[in-house]
Amino acid sequence: MNAAIRAVVRQADALGHEAWGIRRGYQGLLDGDLAPLSSRAVANILQRGGTMLQTARCLDFHKPETRIRAAGILQEAGIEALVVIGGDGSFRGAETLMREHGVACAGIPGTIDNDLPGTERTLGFDTALNTAVEAIDRIRDTASSHGRVFLVEVMGRSSGMLAVHTALACGAEAVLYPESHEDGYNTLVARLKAHWEAGKRSSIVVVAEGDMVGRAMAVGEQLKRDHGLDLRVVVLGHVQRGGSPTALDRIWGSRWGAEAVRRLDRGERGFYMAEVAGALVAQPLSKVLDPQPVPPGDLGALVSILSR
Ligand code: F6P
């Protein structure tokens, strides 16, 4: 996200606009927590995790009267366009602000879940994925030395995107995720049994936190109860949401930030930046109003084929 902020500020500067930073998202806007951001003010942030502008959940933004207040604050500050970095909730807020009050809005996808429609990438996903894979590579050493099963829970409240990509990249034996059509628990037991019979003495099971079977702790308890397995549960949690961003996240944050400003400068409104088949494109903000689930494709099935 810092790469995107830096790019927005510096591209705006290059086009002769003044950029302002709003701290803590919509909540900060309502609190009037905004100030000009110079090109110098965004120095040395490209390699940092999190966001220099900080963030907050703002449930109040669902109320029409709150949005009237927000539009008034923007107008009073002379702000002509808003670049929103976030996930579907933030984008829905931007879309409504634009539709109701004519605020020119642009979105930059930022969520480790990679679950926005119309884009194959969101900022943070690649970093979170690499962090999870590195952690599981380390866990694998204990799993194989001790001949144990590990359940590793990764984030993804309602999406298995991070889980299936992590599972594929670390050669997991199985993956449980919300969009799977399999009967999670029973399929998992059958798979672990088949692996044991085929001579595998250790397994890594990646569990998406949003999986319907339950979080990794619950699945682990059930496996211990039903089968007496010597297993361990690791919840990676917020470790995945921090740390220095990968080169890919920095590059896409920079490209999207700059392109969003160029488009706003040309008079375009109501779009969000996206990646489709490797190309940088823009999608209409209204696309987030009718979200199609972003399925992780057949990657879950590939995890089982490759773990035999
Ligand atoms: O929506 C993004 C996400 O990373 C989810 O995967 C996760 O459940 C959630 O945020 C965690 O949010 P919080 O930091 O508020 O607990």
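Atoms within a ligand are numbered from 1 in the order they appear, just like the ligands themselves.
In summary, the side chains of Ser244 and Arg250 do present a donor paired with an acceptor at a separation below 3.5 Å, with no hydrogens or angles considered. In this model, no donor atom of one side chain and acceptor atom of the other lie less than 3.5 Å apart for Asp60 and Thr66. In this model, no donor atom of one side chain and acceptor atom of the other lie less than 3.5 Å apart for Ser159 and Asp113.
In the candidate list Met155, Arg157, Arg241, Arg241 is nearest to atom 10 (O) of ligand 1, counting heavy atoms.
Within ligand 1, counting atoms from 1 as listed, the ones closer than 4.0 Å to a heavy atom of Glu209 are 5 (C), 6 (O), 7 (C), 8 (O). Per-residue contacts place Asp113 under 4.0 angstrom from the following atoms of ligand 1 (heavy atoms of the residue considered): 1 (O), 2 (C), 3 (C), 4 (O), 5 (C), 6 (O). In summary, the atoms of ligand 1 found under 4.0 Å from a heavy atom of Ile112, numbered by their order in the structure, are 4 (O).
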Salt bridge (charged side-chain N to carboxylate O under 4.0 Å, His left out) evaluation trace for Glu209 with Arg157: CA-CA 6 Å; Glu209 64 172 357; Arg157 199 169 16 211; 5.6 Å; no
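Considering backbone and side-chain N/O atoms, His238 comes within less than 3.5 Å of an N/O atom of ligand 1. Below 3.5 Å of separation, one finds an N or O of Gly156 facing an N or O of ligand 1.
In terms of heavy-atom proximity, Leu229 sits nearest to Lys224 at O-CG, 3.7 Å.
Among Ile45, Val261, Leu37, the one residue that satisfies the side-chain contact (heavy atoms from CB on, under 4.5 Å) test with Val9 is Leu37.
The closest approach between Arg57 and ligand 1 falls below 4.0 Å for a heavy atom of the residue.
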